[in-house]
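Order of appearance sets the numbers: ligands from 1, and atoms from 1 within every ligand.
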Amino acid sequence: MKHRIVVLGAGYAGAYVAGTLARRLSPADTEITVVNAEPDFVQRLRLHQLAAGQEIEAPKLADVFAGTAIRLRVARVTAVDPERQVVAVADADGDVAGELGYDTLLYALGSHVADHGVPGVAEHAFHVTSRPAALRLRERLDSLSGREGGGSVLVVGDGLTGIETATEIAESRPGLSVTLVARGELGAPLSAGARSHLRQACHRLDISVREHTSVEAVEATRALCADGTALAADATV
Ligand SMILES: Cc1cc2nc3c(=O)[nH]c(=O)nc-3n(C[C@H](O)[C@H](O)[C@H](O)COP(=O)(O)OP(=O)(O)OC[C@H]3O[C@@H](n4cnc5c(N)ncnc54)[C@H](O)[C@@H]3O)c2cc1C
């Protein structure tokens with residue numbers, strides 16, 4: 001019987017490892033199956049660009065794996081049973097579609113957005129960690145851009161994703177007013193040179209920067225800060 005390798009997730013990690021294994025192992029004695037929720041390869045690190053309005057290539061996974069012996073199963077993983085060495089999968093409608101047995105399992109399902117327990121985030125905030133979420137933000141930005149006077153976008157968090165998201169939106173949609181919120185000094189973990197470049201970029205793109213600010217709650221049209229101030233926001237990211 002062939003050794004069954006099941007790779008969960010076909011993002012950067014899963015797609016890369018499946019391809020590498022397929023090149024190194026013989027299909028005569030191994031069987032590689034990749035399970036992914038979507039039929040496309042999602043370029044997650046470009047989702048802020050998708051949200052801002054750019055078209056991002058999403059190659060079909062079937063094409064990515066064409067010419068290899070990799071089997072693709074488009075389904076959502078719902079459970080892993082290590083005792084029985086099976087994975088439960090559901091189809092796109094959420095109906096249970098069956099089980100896949102494995103001898104070796106690779107878990108590469110990526111990560112989820114964290115709301116850090118801030119009230120209102122789940123209901124009102126946008127994020128860019130999945131394609132549906134990025135498209136939801138894009139839809140909101142489209143509606144704000146079409147409004148007379150534009151609207152305000154508040155990006156909370158000055159990590160790399162926050163910086164990329166704020167600058168991308170400001171550059172693509174100059175009619176919107178963009179504010180970037182940093183808990184400490186802007187870009188604190190970056191080098192002095194990078195921090196200075198970041199400040200210049202924010203200035204050039206007309207991004208307002210709020211430093212030493214912690215957001216404690218998000219409402220539909222504003223974010224409430226620890227110092228008692230409220231920042232108006234038609235979209236909080
Ligand atoms: C906006 C943004 C910008 C970024 N920029 C950079 C950058 O410039 N440089 C950098 O190094 N990193 C960047 N990152 C981080 C980078 O995207 C992640 O580190 C990387 O995607 C992790 O790869 P992964 O394969 O572990 O997960 P992912 O790429 O998220 O892949 C996980 C896969 O699993 C699938 N999946 C999830 N759950 C299930 C399930 N239950 N059933 C079936 N399939 C499932 C998903 O559909 C996806 O295809 C950025 C992230 C974001 C959000």
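Using modelled atom types and a 3.5 Å distance limit, the side chains of Ser145 and Arg173 yield a donor-acceptor pair. No donor-acceptor contact under 3.5 angstrom links the side chains of Gln49 and Glu55, judged on distance only. Remark: the His3 side chain and the Thr104 side chain contain an N/O donor-acceptor pair separated by less than 3.5 Å. Side-chain atoms of Arg24 and Thr30 form no donor-acceptor pair, as typed in the model, at a separation below 3.5 Å.
Sorted by chain then number, the residues whose non-hydrogen atoms approach ligand 1 to under 4.0 Å are Gly9, Ala10, Gly11, Tyr12, Ala13, Asn36, Ala37, Arg44, Leu45, His48, Ala75, Arg76, Val77, Ala108, Leu109, Gly110, Val128, Thr129, Thr161, Glu164.
Heavy atoms of other residues, nucleotides or ligands lying less than 6.0 angstrom from CG of Leu160 number 12 at most.
With sequence neighbours excluded, the residues satisfying salt bridge (charged side-chain N to carboxylate O under 4.0 Å, His left out) with Glu31 are Arg71.
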